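If you're wondering where the values come from, they're calculated on a predicted model, not measured in any experiment. For the numbers below, each heavy atom of this structure counts, side chains included, while hydrogens, waters and symmetry mates do not.
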Amino acid sequence: LTYVPEARRALIGQMVLYGLTGGIIIAGALMPLLVKTSAEPAWIALGAISLLTAAATWRMWPPAQPRPHAAAHESEHARLYCVQYALIAVGVVPQMIFLVDYIARDLERGVAIGSRFFLLYGLGAIIGPMLYSFLAGRIGLRSTVKTAVGVQFFSILLLIADDSGGFLGAAAFLGGLGMPALLALSLLRSQQITGGDPIRHRALWGTATASFAVGQASAAFGTVFLIDEFGEQGLAYPLLFAVAAGALTIAFLMDFAIRR
């Protein structure tokens, strides 16, 4: 968004978020058709779509600019914010990446059923940005961040509590509410922490984005390890849900320490 005129950033930001949710819904609808025989057609289709999208938009990307350096005296609140954002990344992994696998393999209900629940996740992802934007205007940004993290935590508790269709559907939908809305809220939070300074904000948001990527990658690789070690005992996903719930609890509490 650095390259977008300030007057259009809100609109372009929303378009990016809805592009993400649109991809979730399309994937949820197509995956059952592609994996009827094996997983290979699904992987080939995803790779082909990614390659074609990159080729079609290659010349539209703006030239790279040097990444600004954060000020040496960047506040402790900014560093806490980056840690919080990484913990949020851990908390969104169960539904965002492993929901279908959990339903299809761990609960033995098949990829087609898992993909239907992922459509509920996509529906929540469509509604989430609008809902939390409305709340931010009513109760303030900080309270909205706490609410979104709390709802994400509750969605994980639903996965822990029961594996019936109602609980899974509610967990998928509520998990979708938080993603990608938490990304948008965190972007606004970074602007708030840096006091609107564009150079400081760009540096902080770059660091925060890297923190988010590390959090998600760590949770994803950790889940693969849990599946290898505890999958046969049926403990891998309960352990993942417990870790995600713990990460979201810490992220919620940390927001009280991020004063600005």
Student: Establish whether Val224 and Leu99 are linked, either directly or via other cluster members, by ILVMFWY side-chain heavy-atom contacts under 4.5 Å.
Tutor: no
Student: Looking only at heavy atoms, what is the nearest atom pair of Gly175 and Ser155, with distance?
Tutor: N-CB, 3.8 Å
Student: Excluding sequence neighbours, so at least two apart, what forms salt bridge (charged side-chain N to carboxylate O under 4.0 Å, His left out) with Asp162?
Tutor: none
Student: Identify every side-chain donor-acceptor pair in residues 213-223 under 3.5 Å, counting partners at least two apart or on other chains, and give the distances.
Tutor:
residue	atom	partner	partner atom	Å
Ser218	OG	Val214	O	2.7
Thr223	OG1	Ala219	O	2.7

Student: Mind listing the closest non-hydrogen atom pair of Ile88 and Leu248 along with its distance?
Tutor: CA-CD2, 4.4 Å
Student: Phe212 and Val243: same hydrophobic cluster, using ILVMFWY side-chain contacts below 4.5 Å?
Tutor: no
Student: Mind checking what makes ring pair (Phe, Tyr, Trp, His ring centres under 6.0 Å) contact with Tyr102, not counting sequence neighbours?
Tutor: Tyr237, Phe241
Student: Atom OH of Tyr121 and atom CE of Met179: how far apart are they, to the nearest 0.5 Å?
Tutor: 5.5 Å
Student: For Arg142 and Asp255, which heavy atoms make the closest approach, and how far apart are they?
Tutor: NH2-O, 2.9 Å
Student: State, to 0.1 Å, how close Ser186 and Tyr81 come at their nearest heavy-atom pair, and which atoms those are.
Tutor: O-OH, 2.8 Å
Student: Can you tell if the side chain of Val149 reaches within under 4.5 Å of the side chain of Leu182, non-hydrogen atoms only?
Tutor: yes
Student: Give a yes or no answer on whether the side chain of His77 reaches the backbone of Ala257 with a donor-acceptor pair at less than 3.5 Å.
Tutor: yes
Student: Verify the cluster assignment for Leu51 and Ile49: are they in a single hydrophobic cluster under the rule of side-chain heavy atoms below 4.5 Å apart?
Tutor: no
Student: Answer yes if Val90 and Leu159 sit in the same cluster of Ile, Leu, Val, Met, Phe, Trp and Tyr residues linked by side chain heavy atoms under 4.5 Å apart, and no otherwise.
Tutor: no
Student: If you take all heavy atoms of Arg109 and Ser164, which pair is closest and at what distance?
Tutor: NH1-C, 4.4 Å
Student: Keeping the roles fixed (side chain from Gln95, backbone from Ala172), state whether a donor-acceptor pair exists under 3.5 Å.
Tutor: no
Student: Between Thr147 and Ile139, is any pair of side-chain heavy atoms under 4.5 Å apart?
Tutor: yes
Student: Might you point out which heavy atoms bring His201 and Thr194 nearest each other, and give the distance in Å?
Tutor: CB-OG1, 3.4 Å
